[in-house]
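This report concerns only the one structure given below.
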Amino acid sequence: MVERLLVSLGGDPHDRHTELYLSEVRPLEYRCLMENAFDNLKVGTSAILAAPFIAELQSPDWISRLTNRCAAKGIDVAVVWVRCDADSMREYIEFRGAPRDAWKLANWQTYVSGLNSETSPPTAHITVDNRLGAAISLADQTRETLKRILT
């Protein structure tokens with residue numbers, strides 16, 4: 001959907017950094033993601049949303065609206081913050097090999113200068129350490145996180 005919308009607006013289908021994507025496409029992409037999740041929840045299917053939500057989680061109003069909307073329907077929300085440093089991130093992005101990452105890799109310093117990997121969102125969350133060489137494996141952290149969320 002994102003790629004086709006970008007092309008229909010005259011943009012690069014792999015853009016994830018220009019004003020066109022950030023102001024016109026990303027809000028629709030995330031809105032569709034959220035509505036898809038609510039459609040699943042409405043029929044009793046749990047949902048895990050895998051997206052950065054970096055800007056959204058910095059907004060107390062956004063998280064408050066989300067948790068209130070969910071609470072009104074008896075739905076619990078758990079935020080999982082995946083911590084990653086620039087070197088680990090680059091390795092993961094290179095391994096992924098997605099066309100949407102070409103700009104990031106070609107402009108790595110510009111890309112990482114816009115990230116703050118040292119802080120976590122101000123909202124309540126569980127942190128998972130996804131840095132290379134983390135003391136606890138990602139699989140073990142994921143299992144522990146799911147236990148915390150589901151109990």
Gap between atom OG1 of Thr123 and atom CD of Glu56 - 0.5 Å precision: 12.5 Å
Ile75 side chain near Arg69 side chain, heavy-atom distance below 4.5 Å: no
Whether over 12 other heavy atoms sit under 6.0 Å from Asn116 CG: yes
Heavy-atom donor-acceptor pair, Asp101 side chain to Gly97 backbone, under 3.5 Å: no
Contact check, side chains of Leu132 and Tyr92, non-hydrogen atoms, under 4.5 Å: yes
Residue pair Lys73 / Leu41, side-chain heavy-atom distance below 4.5 Å: no
Pairwise side-chain contact, Arg16 with Val2, heavy-atom cut-off 4.5 Å (strictly under): yes
Donor-acceptor contact present, side-chain Ser113 to main-chain Thr110, <3.5 Å: yes
Member of Arg26, His14, Arg100 meeting the side-chain contact (heavy atoms from CB on, under 4.5 Å) criterion with Tyr21: Arg26
Arg31 atom CZ, over 12 foreign heavy atoms within 6.0 Å: no
Joint hydrophobic cluster, Leu49 plus Val77, side-chain heavy atoms closer than 4.5 Å: yes
Closest heavy-atom pair and its distance - Leu22, Pro27: O-CD, 3.4 Å
Common cluster, Ile48/Leu33, ILVMFWY with side-chain heavy-atom separation under 4.5 Å: no
Glu29 bridged to Arg4 by N-O distance under 4.0 Å: no
Check: Asp85 side chain, Ser88 main-chain N or O, donor-acceptor pair, under 3.5 Å: yes
Heavy-atom check, side chain of Leu66 versus side chain of Ile63, under 4.5 Å: yes
Test item: Asp61 and Arg65 side chains (from C-beta on) under 4.5 Å apart, heavy atoms: yes
Residues His17 and Trp103: side-chain donor-acceptor under 3.5 angstrom: yes
Atom pair OG (Ser137) and CZ (Arg143), whose distance is rounded to the nearest 0.5 Å: 6.0 Å
Min side-chain heavy-atom separation Ser117-Arg83 under 4.5 Å: no
Residue pairs, two or more places apart or on separate chains, that pass ring pair (Phe, Tyr, Trp, His ring centres under 6.0 Å) and touch residues 23-47: Tyr30-Phe53
Exceeds 12 heavy-atom contacts within 6.0 angstrom, atom CG of Leu150: yes
Point-to-point distance, once rounded to the nearest 0.5 Å, from CE of Met34 to CH2 of Trp62: 4.5 Å
Side-chain touch Cys70/Thr67, heavy atoms, less than 4.5 angstrom: no
Criterion side chain to side chain contact (heavy atoms under 4.5 Å, CB included) on Trp81 and Ile54, from CA distance to verdict: CA-CA 9 Å; Trp81 183 254; Ile54 294 169; 4.3 Å; yes
Single-linkage hydrophobic cluster, 4.5 Å side-chain cutoff, Val25 and Val7 together: no
In one Ile/Leu/Val/Met/Phe/Trp/Tyr side-chain cluster, 4.5 Å: Leu138, Ile149: yes
Residues forming a side-chain contact (heavy atoms from CB on, under 4.5 Å) with Asp129, sequence neighbours excluded: Arg131, Ala134, Gln141
Cationic N near anionic O, under 4.0 Å, Glu94 to Arg90: yes
Shared hydrophobic cluster, Leu20 / Leu5 (ILVMFWY, side-chain heavy atoms < 4.5 Å): yes
Smallest separation among heavy atoms of Gln58 and Pro121, with atom names: NE2-CA, 3.7 Å
Pairwise distance CE(Met1) to CG(Leu6) - rounded to 0.5 angstrom: 9.5 Å
